[in-house]
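Numbering of residues begins at 1 and proceeds along the displayed sequence.
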Amino acid sequence: MPSDVSEELMSLLERFVVLMYDRTSDTMKVNDARKQLFAHKSRALENIPPTQAALQQHIKRASLQGNCWNQTVVLNPELLIPSDWGWTKEVSGWQPLWTTLPEASKSCHELIHCGCKKGCTGRCKCTKAALKCTALCACSGDC
């Protein structure tokens, strides 16, 4: 059993997940697919793939479960340490580690977007918030 998810395997699984959410996509990375589906295809958050960090933790948990099942008939199984495979030890027991990213509420300023079509002016929401335009903006951040 490998000690971590290899980059090659992660790339393959990311592409598979992207195709599950958008079978016509040529995107290879889940983070790029999230951006494209949310910003340009107006998909709801529930209908976009998980972040790469969340997907990696899910893959680790699934691998741990597979390792446990693989050793069901072994007399003295060598079980892996759950904390290395997408779980955290809490007072109440083992809990899934959903992602290694910070909470969205701490990054919400990135969700501010403007509706400017031709260059941003004084009425631009981004300019008023002292932020640069992003891919969520109607100007796609090209101003």
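- Other residues, nucleotides and ligands contribute at most 12 non-hydrogen atoms within 6.0 Å of the NZ atom of K132.
- Ionic pairing of D84 and K60 is not present here: no N-O contact between side-chain nitrogen and carboxylate oxygen is shorter than 4.0 angstrom.
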(Q) Checking L79 against C68 for the side-chain contact (heavy atoms from CB on, under 4.5 Å) test, could you report, in this order, the C-alpha distance in whole Å, the side-chain angles of both residues, the deciding distance, and whether it holds? (A) CA-CA 7 Å; L79 299 176; C68 290; 4.2 Å; yes
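- Shortest non-hydrogen contact noted between T100 and A53 is OG1-CB, 3.6 Å.
- A donor and an acceptor atom, one from each side chain of T72 and N70, are nowhere located under 3.5 Å apart.
- Between the CD1 atom in I59 and the CH2 atom in W85 there is a gap of 10.5 Å [rounded to 0.5 Å].
- Looking at every heavy atom in both residues, V17 comes nearest to V30 through CG1-CG1, 3.9 Å.
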Q. After noting the C-alpha distance and the side-chain angles of C126 and C120, does the key distance pass the side-chain contact (heavy atoms from CB on, under 4.5 Å) rule?
A. CA-CA 8 Å; C126 298; C120 296; 5.9 Å; no
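- When only modelled atom types and interatomic distance are considered, Q71 and E78 share no side-chain donor-acceptor pair under 3.5 Å.
- The cluster map of Ile, Leu, Val, Met, Phe, Trp and Tyr, joined by side-chain heavy atoms under 4.5 Å apart, puts L19 and M10 in different clusters.
- Atoms OG and CG, on S63 and L9 in that order, are 7.5 Å from each other to the nearest 0.5 Å.
- Placement of W69 and V74 in two distinct hydrophobic clusters is found when ILVMFWY residues are connected by side-chain heavy-atom separations under 4.5 Å, directly or transitively.
- We find the CZ-CZ distance between R34 and R43 to be 12.5 Å, quoted to the nearest 0.5 Å.
- The side-chain heavy atoms of R61 and P96, taken from C-beta on, include a pair separated by under 4.5 Å.
- A heavy-atom distance below 4.5 Å is found between the side chains of P50 and Y21.
- One hydrophobic cluster holds both V18 and L45 under the rule that ILVMFWY side chains link at heavy-atom gaps under 4.5 Å.
- No side-chain heavy atom of C116 sits less than 4.5 Å from a side-chain heavy atom of C137.
- Going from atom CD of E14 over to atom NZ of K29 covers 4.5 Å, rounded to the nearest 0.5 Å.
- Here the closest heavy-atom approach between residue S25 and residue Q36 is recorded as OG-OE1, 3.8 Å.
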Q: Apply side-chain contact (heavy atoms from CB on, under 4.5 Å) to the pair C133 and C124, showing each step before the final yes or no.
A: CA-CA 9 Å; C133 290; C124 174; 4.2 Å; yes
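- Remark: D22 CG to N47 CG distance equals 11.5 Å, nearest 0.5 Å.
- Atoms CH2 and CG, from W94 and L64 in turn, are 9.5 Å apart once rounded to the nearest 0.5 Å.
- Criterion: ILVMFWY side-chain heavy atoms under 4.5 Å apart, direct or through other members. Under it, L101 and L55 are not part of a common hydrophobic cluster.
- Using a 3.5 Å distance cut-off with no hydrogens or angles, the side chains of Q57 and T99 do not pair a donor with an acceptor.
- Side-chain N or O atoms of N31 include one that pairs as donor or acceptor with a backbone N or O of Q52 at under 3.5 Å.
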